[in-house]
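First up is the structure itself, then whatever we jot down about it.
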2 protein chains.
Amino acid sequence: MSAANTDVPSLVSTRLPSPVPSAEHDQCPVTEILRRVGDKWSVLVVVLLGQRTYRFNELHRGIDGISQRMLTRTLRGLELDGLVLRTVHPSVPPSVEYSLTPLGSSLLHPLSALADWALRHQLEIAAVRGRPAHGSVGLAGYGLSRSPSGS
Amino acid sequence: MSAANTDVPSLVSTRLPSPVPSAEHDQCPVTEILRRVGDKWSVLVVVLLGQRTYRFNELHRGIDGISQRMLTRTLRGLELDGLVLRTVHPSVPPSVEYSLTPLGSSLLHPLSALADWALRHQLEIAAVRGRPAHGSVGLAGYGLSRSPSGS
DNA sequence: CCGGATCCAGCGGGATACTG
DNA sequence: CAGTATCCCGCTGGATCCGG
């Protein structure tokens, strides 16, 4: 990360035609994934499920701030994309368990790359913005090294 | 991508307390980055600027689908975060050039990791969704070639 | 316990017109 | 050429009530 245009892994094919081809209805798979990642809750859910299997209200309590509606929609979306597996146990009180599929689990890797980048450069960004990095708050929302200080 | 929960690099601290701590106002730097990445145009602009310096209307034509309003706002946002550098040349017809800062350039790496994941799994996702991957449209809008090269 | 249905505020984002 | 300003629509996402 020295020069502006050193060698970037991939992403660009050395040269695009002229105008970016698609982008009309962005059916581009990368764009869709990007939207998913940019989603306010999807990543949180995926990260949590990356640890173990969770039940609905367990996730609801675990995320703190999400509404049932959003949790439901997020899980449905992730399920539709094959990232999350929904398992219903026929109990007297309905019990549903959510877990990550192998596909969803594999997403954790590129995700961690992004999170890592954000952590390493948060100070630079905060400095440019003029916004102090409010202490050394690490990755509070993601449970990356933080004490069980009661919420 | 075999087991569901192998070992994921970072992201989680091996164990979280119980409920995710913050998430109240998500000042978390990772969340902010995620929003940026999820942004409809930011990534496109960053990727384009990853190739070379562009002028305003050059980007406008190059992205195809973006409005001036959004291009301006996107560039301003990226500029505020120190990812993009804006250079004004005092010419008779105003000329402004945009380029990536080293910081912005470094973002291309984790970004390519995500794009790479999306490309490798787009078929699985499309299959689960029941939506055919509309032909073998690779990465139309992103022109990712191959060889993630050693980052 | 799980989640669907409804109502509603906020803002992301497109179209258009105007300025320096 | 490089924006700024205004209008306006649709989606996101929170709150709440309701049903199985």
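Just the heavy atoms: all of them, side chains too, but no hydrogens, waters or symmetry mates, feed the values below.
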Q) Can you find a heavy atom in the side chain of B/L78 that is under 4.5 Å from one in the side chain of B/R36? A) yes

Q) Looking only at side-chain N and O atoms, does B/R35 come under 4.0 Å of OP1 or OP2 in C/dC11? A) no

Q | Integer-rounded Å distance: C/dG14 P and B/L71 CG | A | 11 Å

Q. So, for A/V47 and A/L108, which heavy atoms are closest and what is the spacing to 0.1 Å?
A. CA-CD2, 4.1 Å

Q. For the pair made of CD in B/E97 and P in D/dA2, what is the distance, rounded to whole Å?
A. 9 Å

Q: Using only side-chain N and O atoms of A/R73, determine if any of them is under 4.0 Å from OP1 or OP2 of D/dG13.
A: no

Q.
Without decimals, in angstroms, what is the distance between A/W41 CH2 and D/dG13 P?
A. 9 Å

Q.
From C-beta outward on B/R76, which listed nucleotide comes closest to its side chain: C/dC2, D/dG3, C/dG3?
A. D/dG3

Q: Identify, between B/T72 and B/R55, the residue whose nearest nucleotide on DNA chain D lies closer to the 5' end.
A: B/R55

Q.
Determine whether a donor-acceptor pair (one donor, one acceptor, N or O, separation below 3.5 Å) exists between the side chain of A/R69 and the base of D/dT12.
A. no

Q. Does a nitrogen or oxygen in the side chain of A/Y98 sit under 4.0 Å from OP1 or OP2 of C/dG3?
A. yes

**Q.** A/L100 and A/Y54, any side-chain heavy atoms less than 4.5 Å apart
**A.** no

Q. Between A/R76 and A/Y98, which heavy-atom pair has the shortest distance, and what is it?
A. NH1-OH, 4.2 Å

(Q) Could you tell me how far apart B/H89 (NE2) and D/dC1 (C1') are, to the nearest whole angstrom? (A) 13 Å

Q) Given atom CZ of B/F56 and atom C1' of C/dG20, what is their separation to the nearest angstrom? A) 15 Å

Q: Mind calculating the distance between CE (B/M70) and C1' (D/dG10) to the nearest angstrom?
A: 14 Å

Q: Respond yes when some side-chain nitrogen or oxygen of A/R86 is under 4.0 Å from OP1 or OP2 of C/dG3, and no when none is.
A: yes

Q | Residue mapping more 5' on DNA chain C - nearest nucleotide basis, B/P94 or A/V96 | A | A/V96

**Q.** Phosphate contact (C/dG14 OP1 or OP2) by B/S67 side-chain N/O below 4.0 Å
**A.** yes

Q | Shortest non-hydrogen separation from B/R129 to A/L80 and the atoms involved | A | CG-O, 3.5 Å

Q) Rounded to whole angstrom units, what separation is found between the CG atom of B/N57 and the P atom of D/dT4? A) 13 Å

Q: Starting at atom CD1 of B/I63, determine the distance to atom P of D/dA2, rounded to an integer number of angstrom.
A: 14 Å

